[in-house]
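As a basis for the values below, the full set of heavy atoms in this structure was taken, side chains included, without hydrogen atoms, waters or symmetry mates. Chain identifiers are assigned alphabetically (A, B, ...) following the order of the sequence lines, protein sequences preceding nucleic acid strands; residue numbering begins at 1 within each chain.
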2 protein chains.
Amino acid sequence: MKLITRNTDYAMRALCYIARQRERSVPVPEMVAALKIPRPFLRKIVQTLGREGVLRSSKGQGGGFLLALKPEDVRLADLVRIFQGTIQLNECIFKKKICPNRGTCALKREIDGIERDALARLHKVTIASLIRNGKHHD
Amino acid sequence: MKLITRNTDYAMRALCYIARQRERSVPVPEMVAALKIPRPFLRKIVQTLGREGVLRSSKGQGGGFLLALKPEDVRLADLVRIFQGTIQLNECIFKKKICPNRGTCALKREIDGIERDALARLHKVTIASLIRNGKHHD
DNA sequence: ACAAATGATACCAATAAGGTATCATTATGG
DNA sequence: CCATAATGATACCTTATTGGTATCATTTGT
Ligand code: FES
Ligand code: FES
């Protein structure tokens, strides 16, 4: 199983790169060259980040992307939510009906606890902490 | 994202059911009726558990499955490994070559830590703990 | 006007998840 | 010793998710 997908990973790389450029507006072609991510795929990713309010974009010559938030406010947990949806148990459906045992289910309780912990830790990882604690991806 | 898949969930249900039957050999049709899991799918799952040494099987009339281990030694972490493979980061491949930055990658360090924690918790959840701590699935 | 950028969106391919089906083998009871 | 009830092995199918591409429209600086 995979805890984070490629979307999320690439987004993290791109955001780290953008953060290191300070207030410069960074165009996609530059990121493609620096990060070796396929251009159309990276474009889709940063567009999504724009819609989600993580990046601000400007069009036209000299345009590009820059952080909409402070690096310490961009959290891995948010990226996971954006690209992978909220973490959830198998959600225990039986023929489209929601499970009637949710209240007493011991397994659900355990899994929920593990998920909460994981999310809390993902929440602590920020762009700022990554670019501080050694290099990420070149 | 999903932390455990349906395979794993169903396996857990079946194992809990079998554990509650003590030393009785439990045939698949009985589990199908009790757990409402599609027969061929459940069959595949318990066969896998047999190969993996979690269940012992006997053929012929009166045959079926029973636990090969003590309920407190059947761990959710093992089922996750069996049905979902080992947990891993995006594993950072670039054109089939293993990533050269693994040593210094801050993101990898963080994710690895989160995975280790999650695995440790999955390791603590056993069939015994589930059937003790309230009902799971009917 | 033109070039360089993003916005929106539709599409496609590969992989994984979820599920079915079939035939062979083994054991038990009558 | 045969019918029956079970598992073993394995191949197959369907759907969802992931990963990735392509196209056209719009905006903006020179
Ligand atoms: S593991 Fe390859 S750059 Fe992080
Ligand atoms: S949540 Fe439905 S039985 Fe566990």
Side-chain angles (χ1 to χ4, degrees), chain A residues 1-11 13-14 18 24-33 36-53 55-66 68 80 82-88 90-96, chain B residues 1-11 14 18 24-33 36-66 68 80 82-88 90-96:
Chain A
M1 72 174 300
K2 252 176 317 197
L3 198 52
I4 72 172
T5 69
R6 210 165 286 204
N7 270 338
T8 307
D9 187 21
Y10 285 169
R13 301 193 201 198
I18 293 170
R24 245 187 77 228
S25 196
V26 185
V28 167
E30 177 184 334
M31 292 192 259
V32 167
K36 312 278 206 296
I37 297 170
R39 178 163 43 153
F41 195 21
L42 180 56
R43 255 168 66 68
K44 193 162 74 166
I45 290 170
V46 290
Q47 276 189 19
T48 300
L49 291 173
R51 273 195 299 272
E52 295 285 337
L55 289 176
R56 280 195 331 243
S57 66
S58 48
K59 292 188 190 175
Q61 268 185 342
F65 294 87
L66 44 77
V80 167
I82 289 170
F83 292 107
Q84 305 174 221
T86 43
I87 297 186
Q88 60 183 351
N90 184 8
E91 105 242 359
C92 197
I93 37 163
F94 178 57
K95 306 250 185 198
K96 315 291 186 200
Chain B
M1 71 176 301
K2 252 176 317 197
L3 197 52
I4 72 172
T5 70
R6 210 166 286 205
N7 270 338
T8 308
D9 187 21
Y10 285 170
I18 292 170
R24 246 188 74 229
S25 196
V26 184
V28 166
E30 177 184 334
M31 291 192 260
V32 167
K36 314 276 206 295
I37 297 170
R39 179 164 40 153
F41 196 22
L42 179 56
R43 254 168 68 68
K44 194 162 73 167
I45 289 169
V46 290
Q47 276 189 20
T48 301
L49 291 173
R51 272 195 300 272
E52 295 286 337
V54 179
L55 289 174
R56 279 195 332 242
S57 66
S58 47
K59 292 188 190 177
Q61 268 186 340
F65 293 87
L66 44 75
V80 168
I82 290 170
F83 292 107
Q84 307 174 221
T86 42
I87 298 185
Q88 60 183 353
N90 184 10
E91 105 242 356
C92 198
I93 37 163
F94 178 58
K95 307 248 185 202
K96 314 293 186 198

Fill in the blank from the handout: By salt bridge (Lys or Arg N to Asp or Glu O under 4.0 Å), B:Glu52 pairs with (sequence neighbours left out) none
May I have the distance from [X] (atom [atom1]) to [N] (atom [atom2]), rounded to whole angstrom?
| X | N | atom1 | atom2 | result |
| --- | --- | --- | --- | --- |
| A:Glu52 | C:dG7 | CD | P | 13 Å |
| B:Arg43 | C:dA21 | CZ | P | 13 Å |
| A:Glu30 | C:dA4 | CD | P | 15 Å |
| B:Ile45 | D:dA9 | CD1 | C1' | 16 Å |
| A:Gln47 | D:dT21 | CD | P | 15 Å |
| B:Ile4 | C:dA17 | CD1 | P | 13 Å |
| B:Tyr10 | C:dA17 | OH | P | 15 Å |

Practice task
Measure the CG-CG distance between B:Leu49 and B:Asn7 for me, rounded to the nearest 0.5 Å.
Solution key: 9.5 Å
Tabulate protein N/O versus nucleotide N/O from nucleotides 13-18 of chain D, keeping only pairs under 3.5 Å, one per line.
none

Exercise for the section: Look at the side-chain N and O atoms of B:Arg56 and state whether any lies under 4.0 Å from the OP1 or OP2 oxygen of D:dT7. Expected result: no
What are the two closest heavy atoms between [X] and [Y], and how far apart are they?
| X | Y | answer |
| --- | --- | --- |
| A:Val32 | A:Ile37 | CG1-O, 3.6 Å |
| B:Pro27 | B:Gly63 | CB-O, 3.8 Å |
| B:Ser58 | B:Ser25 | OG-OG, 3.4 Å |

Practice task
Quick one: label B:Pro38 by what it contacts on the DNA or RNA (base, sugar-phosphate, nothing), any heavy atom closer than 4.0 Å.
Solution key: sugar-phosphate
Exercise for the section: Would you please name every residue forming a side-chain contact (heavy atoms from CB on, under 4.5 Å) with A:Val26, sequence neighbours left out? Expected result: A:Tyr17, A:Ile18, A:Gln21, A:Glu30, A:Met31
Exercise for the section: Report the residues that fulfil side-chain contact (heavy atoms from CB on, under 4.5 Å) with A:Gln84, sequence neighbours left out, ordered by chain and then residue number. Expected result: A:Ile4, A:Thr5, A:Thr8, A:Val80, B:Met1
Problem - Consecutive Watson-Crick or G-U pairs in runs of at least 3, all under 3.5 Å, in which DNA chain C is involved - result: C:1-30 with D:1-30
Practice task
Evaluate whether atom CZ of A:Arg39 has more than 12 neighbouring non-hydrogen atoms of other residues, nucleotides or ligands under 6.0 angstrom away.
Solution key: no
What's touching nucleotides 13-15 of chain C from the protein side, N or O pairs under 3.5 Å?
none

Practice task
Could you please name the option among C:dG18, D:dT10, D:dT21 that lies closest to any side-chain atom of B:Phe41?
Solution key: C:dG18
Fill in the blank from the handout: Contacts of A:Lys44 and A:Ser57 projected onto DNA chain C by closest heavy atom; the upstream (5') one is A:Ser57
Exercise for the section: Encode nucleotides 1-6 of chain D as B, S and - characters from 5' to 3', where the letter depends on protein heavy atoms closer than 4.0 Å: B to the base, S only to sugar-phosphate, - to neither. Expected result: ----BB
